Amino acid sequence: MIWQQLQSLAGSYPLALRGLGMTVVLSLISLVLGTLLGFGLGILRTGGNRLISGLIGAWVDLIRGTPFLVQIFLIFFILPEFGIELDAFTAGIIALTNLAACFICEIVVAGIRSVPTGQVEAALASGLSRWQRMRQVVLPQAMRIVLPPLVGQYVLLIKDSSVVSAIGLTDLTRVGWLVVQRVPNGLLVFFLVGVGYFIVCYPLIMLARRLERRMGAAHGEVQL
Amino acid sequence: MTKTGLTKTGMIDFRGVNKWFGSLNVLKDITLSVEPREVVVVCGPSGSGKSTLIRCVNGLETIKDGDLVVDGQRLGDPATNMTQLRTEIGFVFQAFNLYPHKTALENVTLAPIHVRKIPRAEAEKAGRELLAKVGLADKVNAYPAQLSGGQQQRVAIARCLGMRPKIMLFDEPTSALDPEMISEVLDVMVAVAEEGMTMMVVTHEMGFARKVAQRVVFMDAGAIVESGTPDEFFSHPKTDRSRAFLSKILRH
């Protein structure tokens with residue numbers, strides 16, 4: 001019987017590949033967009049404008065304090081009530097990007113705040129503009145603190161992407177649900193789904209660990 | 001212009017400057033004028049406001065009232081572009097504050113390239129010359145962590161000189177150094193002074209003050225208590241407070 005199930009599973013591998021592909025594409029796009037947005041928000045949050053900083057802080061707290069499933073439902077099912085129709089893929093990207101940006105924002109803020117004030121004063125005293133100070137002096141040093149948890153956050157993001165199956169996107173998790181209807185062995189099917197996520201995440205976990213070890217050795221800027 | 005009357009001022013002009021940290025009056029009614037090419041040494045017990053005084057000059061601290069005019073521009077005036085003014089003022093920190101992720105040469109060339117918009121090759125040539133001038137020709141590609149304190153401070157001075165400033169401010173530049181490294185930094189400062197730089201130096205290095213300073217300003221509790229030539233000040237201090245201070249630092 002297990003032999004039959006395995007044969008049947010083997011037949012579903014194109015579907016599994018599609019699911020894995022969807023998971024990777026979703027994660028990758030929102031990871032890139034979320035990183036850009038997260039850095040932007042982090043820089044604005046530390047920028048000295050109390051109103052902007054407060055607004056970003058409130059938004060980050062809101063997103064961090066509500067379940068991702070609820071956020072994705074709000075975007076996919078509630079926004080259409082206000083006339084904003086989104087397909088599942090776009091809704092998934094928006095929800096994941098927003099989630100990633102909020103967590104990354106906090107990581108970036110912690111990194112920026114870890115740079116000694118003397119560094120900013122030295123840059124200020126030599127006449128560097130606000131952006132030059134950020135780009136040339138603060139961010140390169142903040143990256144020491146930012147990189148390891150940033151990569152860790154990517155792992156969390158990839159795993160969180162499984163929630164998008166709830167709005168009908170055929171990602172790896174949803175493929176599991178589809179297959180298990182034909183092959184009634186949940187343990188086996190979802191074990192394989194887990195393996196799929198692990199294959200994507202493990203290299204990142206290794207990278208995060210490596211970065212953490214390298215931080216002590218670098219002169220302050222990280223060479224990847 | 002306004003009451004500052006920009007005619008015939010010094011390079012740095014404090015007029016009735018006051019500053020508070022909360023309820024603490026850290027600068028009390030400071031009036032002090034530093035002429036072009038003049039070297040003024042500021043000394044006094046810790047907490048007397050001397051660091052705060054020079055940090056006001058390039059706007060690292062803001063003043064509450066009074067006027068502070070630097071290179072003809074009034075600080076706090078909306079018409080004064082602080083970023084622009086800071087390019088004319090070098091500031092040497094007690095803790096060096098070199099950029100740890102950049103080499104000695106990159107530390108020196110960063111502002112000239114990005115602020116002065118000098119072409120990289122030209123900036124690097126000038127940077128190498130400056131590092132050679134402070135005795136670090138062989139450390140061009142070293143990172144700050146690979147340099148001793150004295151070497152780091154000399155790079156920091158070269159970093160300021162790279163901007164060709166009109167004024168140099170030194171905030172206890174040798175206080176964080178091991179004793180054997182103090183003279184190498186002071187030698188560089190003497191050379192800078194002898195080239196005619198306008199300088200305000202917070203230091204207790206009496207040898208340096210005697211050698212290059214035209215004036216010593218003694219501060220206590222946020223106020224300028226005494227001011228005179230190094231010889232007058234060290235040999236014939238006029239107030240009890242300066243005598244007490246001198247007896248403490250000269251005992252060692």
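Letters A, B, ... are given to chains in the order of the sequence lines, protein chains preceding strands, and every chain is numbered from 1. Everything numeric in this text was worked out from a predicted model, so none of it was measured. Just the heavy atoms: all of them, side chains too, but no hydrogens, waters or symmetry mates, feed the values below.
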Note to self: Is there a side chain to side chain donor-acceptor pair (under 3.5 Å) between B/S51 and B/D171? Walk through the geometry before answering.
What the structure shows: CA-CA 6 Å; B/S51 288; B/D171 187 4; 2.6 Å; yes
Margin query: Between the side chains of B/K125 and B/E129, is the shortest nitrogen-to-carboxylate-oxygen separation below 4.0 Å, so that they form an ion pair?
Written below: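 Salt bridge flag = yes for B/K125 with B/E129.
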Checklist line | Derivation and outcome, side chain to side chain donor-acceptor pair (under 3.5 Å), residues A/S53 and A/R45 | finding: CA-CA 4 Å; A/S53 177; A/R45 178 116 162 80; 3.2 Å; yes
Checklist line | Proximity breakdown for B/F93 and chain A, heavy-atom pairs closer than 4.5 Å | finding: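 It is the side chain, since no backbone atom gets that close.
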Contact winner vs chain A - [options], heavy-atom pairs under 4.5 Å:
| options | value |
| --- | --- |
| B/L85, B/L110, B/L169 | B/L110 |
| B/R55, B/Q84, B/R86, B/R159 | B/R86 |
| B/T87, B/I89, B/L60 | B/L60 |

Can you give me every donor-acceptor pair (side chain of residues 122-129 of chain A, partner residue at least two apart or in another chain, under 3.5 Å) with its distance?
| from | atom 1 | to | atom 2 | distance (Å) |
| --- | --- | --- | --- | --- |
| A/S126 | OG | A/A122 | O | 3.2 |
| A/S126 | OG | A/A123 | O | 3.2 |
| A/S129 | OG | A/Q132 | N | 3.3 |
| A/S129 | OG | A/Q132 | OE1 | 3.3 |

